[in-house]
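Right, one structure below, let's go through it.
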There are 2 protein chains.
Amino acid sequence: MDERVAALTVMEGVPEQVEALCETVKFSHPRPDGQDRYTISEVVAWTGLTAHTLRWYERIGLMPHVDRSHTGQRRYGNRDLDWLGFVGKLRLTGMPVADMVRYAELVREGEHTFDERRRLLQDHRDNVRVRINELRDTLAVLDFKIDFYVDARRASEERLVR
Amino acid sequence: MDERVAALTVMEGVPEQVEALCETVKFSHPRPDGQDRYTISEVVAWTGLTAHTLRWYERIGLMPHVDRSHTGQRRYGNRDLDWLGFVGKLRLTGMPVADMVRYAELVREGEHTFDERRRLLQDHRDNVRVRINELRDTLAVLDFKIDFYVDARRASEERLVR
DNA sequence: TAGAGACTTGGAGCGCACTCCAGGCAAGCG
DNA sequence: CGCTTGCCTGGAGTGCGCTCCAAGTCTCTA
């Protein structure tokens with residue numbers, strides 16, 4: 001049996017864990033490990049986002065409620081870093097924040113939203129594919145123009161030599 | 001001798017024509033042909049931009065001065081459509097408007113800006129390449145997650161059948 | 001020639017994704 | 001103890017790329 005599906009069928013009623021399991025993506029930078037309770041500035045260093053943005057993400061519902069210290073300061077866990085890593089990918093690929101918030105809501109609502117989550121991601125994937133093709137097309141145009149300028153330079157240098 | 005370079009060395013002092021020559025990109029939609037003097041609404045239909053945006057492009061110096069009818073209405077030529085096609089590509093690939101304006105300025109200034117134009121386009125090309133890779137990375141993550149949800153669906157359906 | 005619809009302008013407004021500010025609390029150090 | 005540094009909040013501000021408005025002029029069709 002597929003390991004992921006096995007995990008799914010076992011973990012009824014613990015949707016965040018399912019999502020976390022689905023979050024096994026590797027990251028380029030090693031995370032500040034140990035406590036599993038990172039301050040906001042550690043998360044800033046790790047994600048490249050500003051503290052303002054991290055707090056704003058929380059306000060608009062893009063973060064699944066971050067833990068607090070006894071004095072009310074934020075303490076992010078590895079799960080939060082995973083989530084931020086995924087959000088970062090969606091952001092880099094131009095998904096509107098509203099859509100990311102929608103996805104976050106679906107995750108919070110539990111397993112009965114699997115279908116809608118899948119659809120949301122599939123739509124975005126189609127989007128990304130289209131944009132990759134657009135970028136590739138433009139790359140060809142850019143190559144053509146750059147070659148033109150390079151050739152022009154070479155020609156004028158030849159004229160100097162002669 | 002390379003045809004483009006030959007054209008270049010012949011057309012000293014007519015930089016827009018050089019640029020136009022460099023603008024031999026094909027477009028997906030046939031342009032409204034005939035007069036070579038299109039109204040703004042024809043250009044709207046052809047480019048997909050709004051009339052507002054077209055006028056705004058002109059105000060900020062992104063268009064190389066559009067011709068006018070005897071009463072002052074805009075009449076775009078094929079050269080303008082070529083330029084808008086190229087600008088559209090840069091826009092799709094996320095070049096900031098300020099950079100496009102800079103490029104437009106360089107074109108207006110003549111052939112002695114070839115080197116800077118090339119550099120500008122090369123920088124953008126690098127940029128586009130990086131973004132293509134980012135998109136591809138995210139595509140892998142999306143595929144993984146979508147598969148997860150698809151598998152979950154299949155598993156729950158199997159449970160129903162049994 | 002009349003009326004509808006397209007085009008003109010400068011400047012104001014909008015949506016997005018942050019970004020910053022003011023004013024205050026809490027922890028660690030000499 | 002005082003000082004510095006880090007973090008907290010709600011709300012205001014910013015930059016980008018458009019987008020729209022008001023009020024007037026032009027063009028086209030009947």
Side-chain angles (χ1 to χ4, degrees), chain A residues 32 35 37-63 65-77 80 83-84 86-105 124 127 131 134, chain B residues 32 34-35 37-63 65-77 80 83-84 86-105 124 127 131 134 138:
Chain A
Q35 296 65 233
R37 282 173 71 77
Y38 315 112
T39 64
I40 199 165
S41 58
E42 286 171 314
V43 178
V44 162
W46 190 73
T47 60
L49 298 168
T50 70
H52 294 302
T53 301
L54 286 169
R55 288 191 276 256
W56 178 66
Y57 276 4
E58 217 175 314
R59 258 192 284 184
I60 63 175
L62 186 48
M63 283 297 297
H65 206 72
V66 177
D67 204 17
R68 299 293 178 120
S69 74
H70 69 108
T71 54
Q73 297 195 350
R74 286 172 184 78
R75 291 296 178 261
Y76 293 82
D80 297 320
W83 175 253
L84 283 170
F86 180 55
V87 163
K89 291 228 170 284
L90 296 181
R91 198 177 62 114
L92 269 180
T93 49
M95 181 184 276
V97 169
D99 291 3
M100 297 195 278
V101 170
R102 176 78 189 125
Y103 186 79
E105 276 167 7
H124 185 57
N127 224 301
R131 290 230 315 297
E134 286 172 353
Chain B
Q35 297 63 234
R37 283 174 72 76
Y38 316 113
T39 64
I40 200 165
S41 58
E42 286 172 313
V43 179
V44 163
W46 190 74
T47 58
L49 297 169
T50 71
H52 294 302
T53 303
L54 285 169
R55 289 192 274 257
W56 178 66
Y57 276 5
E58 217 174 314
R59 258 192 285 185
I60 64 175
L62 186 47
M63 282 297 297
H65 207 72
V66 177
D67 204 17
R68 299 294 178 120
S69 74
H70 68 108
T71 54
Q73 295 194 353
R74 286 171 182 79
R75 293 294 179 264
Y76 293 82
D80 297 321
W83 175 253
L84 283 171
F86 180 55
V87 163
K89 292 229 171 281
L90 296 182
R91 197 177 62 114
L92 271 180
T93 48
M95 181 184 277
V97 168
D99 290 3
M100 296 195 277
V101 170
R102 176 78 189 126
Y103 186 79
E105 277 167 6
H124 185 55
N127 222 300
R131 291 232 312 297
E134 286 172 353
T138 303

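All of these numbers come straight from a predicted model, not from anything done at the bench. When reading the values below, keep in mind they use all heavy atoms of this one structure, side chains included, and skip hydrogens, waters and symmetry mates. Residue numbers begin at 1 in each chain, while the letters A, B, ... track the order of the sequences.
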**Q.** A:Leu54 CG - D:dG6 P separation (whole Å)
**A.** 16 Å

Q) D:dT5 P sits how many Å from A:Ile40 CD1, rounded? A) 19 Å

Q) Within the structure, does a side-chain N or O atom of B:Tyr57 lie under 4.0 Å from either OP1 or OP2 of D:dC18? A) yes

**Q.** Below 4.0 Å: OP1/OP2 of C:dC7 and any side-chain N or O of B:Ser41
**A.** yes

Q: Could you state the atom-to-atom distance from CD of A:Glu58 to P of C:dC18 in whole Å?
A: 16 Å

Q.
Could you tell me if the side chain of B:Ile40 sits less than 4.5 Å from the side chain of B:Gln73, heavy atoms only?
A. no

Q: Please state how far atom CG in A:Leu62 lies from atom C1' in C:dC18, giving the value in whole angstrom units.
A: 13 Å

Q) C:dA17 C1' sits how many Å from A:Leu92 CG, rounded? A) 14 Å

(Q) Between P on D:dT19 and CG on B:Leu49, what's the gap in Å once rounded to a whole number? (A) 9 Å

Q: Classify the side chain of B:Arg59 versus the base of C:dG11 as yes if they form a donor-acceptor pair under 3.5 Å and no if they do not.
A: yes

Q: With the side chain of A:Trp56 defined as its heavy atoms from C-beta on, choose the nearest nucleotide among C:dC18, C:dT9, D:dC8.
A: C:dC18

(Q) Using whole Å, what does the distance between atom P of nucleotide C:dC7 and atom OH of B:Tyr38 come to? (A) 16 Å

Q | A:Pro96 side chain, from C-beta outward: closest of C:dA17, C:dT9, D:dC18 | A | C:dA17

Q.
Assuming nearest nucleotide by heavy-atom distance, tell me which of B:Met95 and B:Ser69 is located more 5' along DNA chain D.
A. B:Met95

Q. Taking the side chain of A:Val97 as heavy atoms from C-beta outward, which of C:dT8, C:dA17, D:dT19 is closest to it?
A. C:dA17

**Q.** Closest to the B:Thr39 side chain, choosing from D:dC7, D:dC26, C:dC7
**A.** C:dC7

Q) Which of the following nucleotides, C:dT8, D:dT9, D:dC18, is nearest to the side chain of B:Gln73? A) C:dT8

Q. Between A:Glu58 and A:Arg68, is there a salt bridge with N-O shorter than 4.0 Å?
A. yes

Q: Please determine, for the side chain of A:Arg74, which listed nucleotide (C:dT9, D:dC8, C:dC18) has the closest atom?
A: D:dC8

Q | Side-chain ion pair, A:Asp67 and A:Arg37, N-O less than 4.0 Å | A | yes

Q. Among D:dT9, C:dT8, C:dA27, which nucleotide sits nearest the side chain of A:Arg68?
A. D:dT9

Q) Nearest-Å distance, CD (B:Glu42) to P (C:dA6)? A) 13 Å

Q: Go through C:dA27, D:dC26, D:dT19 for me and flag the one nearest to the B:Thr50 side chain.
A: D:dT19

(Q) Salt bridge check, B:Arg102 against B:Glu105: does any charged N sit closer than 4.0 Å to a carboxylate O? (A) yes

Q.
Quick check: do A:Leu84 and A:Val43 have side-chain heavy atoms less than 4.5 Å from each other?
A. yes

(Q) Between B:Thr71 and D:dT27, is there a contact of a side-chain N or O with OP1 or OP2 at under 4.0 Å? (A) yes

Q. Would you say a side-chain N or O of B:His52 is under 4.0 Å from OP1 or OP2 of C:dT8?
A. no

**Q.** Check: B:Tyr76 and B:Met63 side chains under 4.5 Å, non-hydrogen atoms
**A.** yes

Q) Would you say D:dT19 has OP1 or OP2 under 4.0 Å from some side-chain N or O of B:Arg55? A) no

